[in-house]
Amino acid sequence: MCGIVAAAARREVSEILLEGLRRLEYRGYDSAGMALIDNDRHLLLHKKKGKVSELERAQALDPYHGCTGIAHTRWATHGEPSGANSHPHISGQRVALVHNGIIENHSALRAELQGAGYDFASATDSEVVAHLLHRELEAGRSLLEAMRAAVARLEGAYAIAAVDTQHPEEVVGAREGSPLVVGVGIGENFLASDQLALRQVTDRFIYLEEGDLVLISPSTIQILDVDGRPAERSKTRIEAAVESAELGDFDHYMIKEIYEQPRALAATLLCEPDHSISDTAFGERAAAILDRVQTVQIVACGTSYHAGMVARYWLEELAGMPCEVEVASEFRYRKRVQHEGTLLVMISQSGETADTLAALRNRSEGEFIGSLVIANVDNSSLVRESDLVFLTRAGPEIGVASTKAFTTQLVALLMLTIVLGRRRGMTAERERALVGALQSLPDHVQETLMMDPAIEELSGAFIPKRHALFLGRGIHYPIAMEGALKLKEISYIHAEAYPAGELKHGPLALVDEDMPVVAVAPSDDLLEKLKSNLEEVRSRGGQLFVFADIQSGFANEPGITVLPMPHCPEVIKPIIYTVALQLLSYHVALQKGTDVDKPRNLAKSVTVE
Ligand code: M6R
């Protein structure tokens, strides 16, 4: 949520900063800005409402040059998206500052700073930090000490980068609750909110810890810990990603990422030559924790929460393991009573989602026997702070709508079901069958992708609609929820998902000839029940779009359009049906002309509450 890039180099950095912003833009795209210090120690500033391309245009028309600079792409929290509210914020014509996160005590600080004579140019919470830093610098402190004194006044979450014309070769940074990473170069160093922004210039990174302060110059990196003591942090070399963050031949990241799923799913499935799943897939220490698990508590947000809901069916039905699932924003503030032996499982593509992270950090002593995160981003906060880690191998997911992250999470969760199920009497034969189903998954997803033209054709029916209902039963109810979330997120069509048996308890009142109803209808134990529910829709004139395999026995008739799905093992059906629904929402959005990869009001990584 928002993106920061900063550089201290001996070469011109404006293009490095702009490229970094392009790579981070999926995190926020309400406005963008860049501040450079030129050779004469002048502060040069471009700020634009809208996307990074607007900033690029400003830089092309009026090029600024400098070897030290900071840049930002914004997802608005305090203050509307506008030029004035975009970062960097300036203080006293010497300090420029960019900030991710939320400063909770900004009103009190603003009043105090106004009292001290500071004028505010924006409605943001972030501007107070620029003025605080300026005040400390004017008091004669070094850049690092001034930042230390400034952040000591802050309540809330932040990743900050700032420059000062009187320290023209340096950039100072701070993190608390929002990620910040140092990119280590040769004769140049960088800061960014995500290493992805800097992969063009380095593959060596230092992940800052909570409360750290950092000062970079072209030749030095100085880190202070939360107590102000010099700190050593290890460097990590990041291997080149198998999937690149480039668009290649695709028109959008979302469709690229949908098509990457066969490879991503195959890469995520870690199985042994005897078709078993090793405990060590979840970390070296996994066995000792997994042996003690009596019950599982899953916590996640958005699409990752839907993955958790699917997992509950697997854990309870296949592993006999009690499981609760809750959205993190509710879980974190609830007074809870946990069963003995509960494993806390967090699911998060980014590994940085503020609410999910808070669920981990706010747990009480002894509340859980351990924590496990399923994440797609190595070295993310959740990965670094959990006892056990499973990294999905989806590769970078840039489209705001989560696709391959979700399906790879499901692979990880079925693997978890197997290792826990083994402890509750799952036979080796059953385990081999489940692993075999997972191994067949990439082929079945490939087959599903071949439905793309048929789904594209069908999507036209949704274009004039303002609402849609998604129905499923059992394990396919969360898949219906995921389908509805995808549609509303990128096409702005209001979509709701219901367990089909609930229709007659209220939502049936909405059904008429204007209401498209999407049914996730594979042949399973609940199919006959679902069919009765769909009849209730048909008899009220609703238009049905049924995703079903041939065994389900649906046929095209007036009022029913059937999308024939590939036949596949029952346990992987939720994944196969998800892929078809991803394609549906993509094509609807494409025809509606919305910004598929950067839907309005959203951002990829939600690092604020
Ligand atoms: O990074 P996370 O998986 O923790 O993110 C959680 C949600 O913000 C995310 O899944 C969101 O719902 C997606 N945009 C849905 O497509």
Side-chain angles (χ1 to χ4, degrees), residues 1-3 24 26-29 75 178-179 193-194 196 252-255 257-258 261 298-311 325-332 345-361 372-383 385-386 389-392 394-410 412-413 470 478-479 481-492 495 497 578-579 581-586 588-589 594-609:
M1 191 143 261
C2 302
L24 290 184
Y26 68 111
R27 290 174 170 255
Y29 30 84
W75 184 83
S178 284
S193 48
D194 184 330
L196 207 58
H252 297 98
Y253 282 105
M254 182 180 178
I255 191 71
E257 289 158 5
I258 289 173
Q261 287 178 109
I298 298 177
V299 179
C301 302
T303 287
S304 298
Y305 167 69
H306 296 155
M309 287 185 72
V310 173
V325 191
E326 193 165 347
V327 286
S329 52
E330 290 298 319
F331 180 85
R332 64 181 286 189
V345 176
M346 290 139 304
I347 310 170
S348 174
Q349 186 284 130
S350 61
E352 298 291 353
T353 299
D355 286 322
T356 312
L357 193 54
L360 176 67
R361 288 182 177 164
L372 161 69
V373 65
I374 294 171
N376 192 41
V377 180
D378 199 2
N379 281 303
S380 54
S381 301
L382 277 164
V383 167
E385 294 178 34
S386 298
V389 173
F390 185 97
L391 281 176
T392 50
E397 191 181 67
I398 307 293
V400 165
S402 188
T403 52
K404 60 178 180 172
F406 177 71
T407 51
T408 54
Q409 285 166 353
L410 291 181
L413 288 160
F470 284 68
I479 299 307
M481 292 175 78
E482 176 57 11
L485 177 62
K486 284 289 92 81
L487 189 71
K488 68 183 137 198
E489 186 175 26
I490 61 168
S491 76
Y492 316 149
T578 297
V579 173
L581 296 180
Q582 292 168 349
L583 288 170
L584 176 66
S585 61
Y586 174 73
V588 174
T594 57
D595 189 337
V596 174
D597 286 334
K598 300 189 194 81
R600 69 185 179 203
N601 306 338
L602 300 180
K604 183 69 184 168
S605 179
V606 185
T607 52
V608 295
E609 236 190 295

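Remember, it's 1-based here, ligands and their atoms both numbered in the order they're listed. Excluded from the calculations below are hydrogen atoms, water molecules and symmetry mates; all remaining heavy atoms, backbone and side chain alike, are included.
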Would you mind listing which atoms of ligand 1 come within a distance below 4.0 Å of any non-hydrogen atom of A401?
-> 16 (O)
Approximate separation, where rounding is to 0.5 Å, of I298 CD1 and T356 OG1 | 12.5 Å
Is there a heavy atom of T356 sitting under 4.0 angstrom from any atom of ligand 1?
-> no
Does the side chain of F470 reach to within under 4.5 Å of the side chain of L487, using non-hydrogen atoms?
-> yes
List the steps and the verdict of side chain to side chain contact (heavy atoms under 4.5 Å, CB included) for I255 and V596.
-> CA-CA 9 Å; I255 191 71; V596 174; over 6 Å; no
Residues at least two apart in sequence or cross-chain that pass side-chain hydrogen bond (donor to acceptor under 3.5 Å, both in side chains) with S380, listed by chain then number, are none
What residue and heavy atom of the protein are closest to atom 10 (O) of ligand 1, and at what distance?
-> T303 N, 3.1 Å
Could you grab the distance from atom CG of D597 to atom CD1 of I398, nearest 0.5 Å is fine?
-> 9.0 Å
Heavy atom of the protein closest to atom 1 (O) of ligand 1 (residue, atom name, distance) | S350 OG, 2.7 Å
Side chains of Q261 and T407: is there a donor and an acceptor less than 3.5 Å apart?
-> yes
Distance col, row L360:CG vs R332:CZ, nearest 0.5 angstrom, shows 12.0 Å
May I ask you to list the atoms of ligand 1 that are less than 4.0 angstrom from any heavy atom of S304?
-> 2 (P), 3 (O), 10 (O)
Option nearest atom 7 (C) of ligand 1 (shortest heavy-atom distance, choices A300, C301, S348) = C301
Any nitrogen or oxygen of V400, main chain or side chain, under 3.5 Å from a nitrogen or oxygen of ligand 1?
-> yes
Nearest protein heavy atom to atom 8 (O) of ligand 1, by residue and atom, and its distance?
-> V606 CG2, 3.9 Å
Nearest heavy atom to atom 13 (C) of ligand 1, choosing from E482, Q582, E489, belongs to E489
Ignoring hydrogens and angles, state whether a donor on the side chain of E397 or S402 is under 3.5 Å from an acceptor on the partner side chain.
-> yes
Can you check whether K486 has an N/O within less than 3.5 Å of an N/O in ligand 1?
-> yes
Of all the non-hydrogen atoms in the protein, which one sits nearest to atom 5 (O) of ligand 1, and at what distance?
-> T353 OG1, 3.5 Å
Which one holds for E352 and ligand 1: side chain close, backbone close, both close, or neither close, with close meaning a heavy atom under 4.0 Å?
-> neither
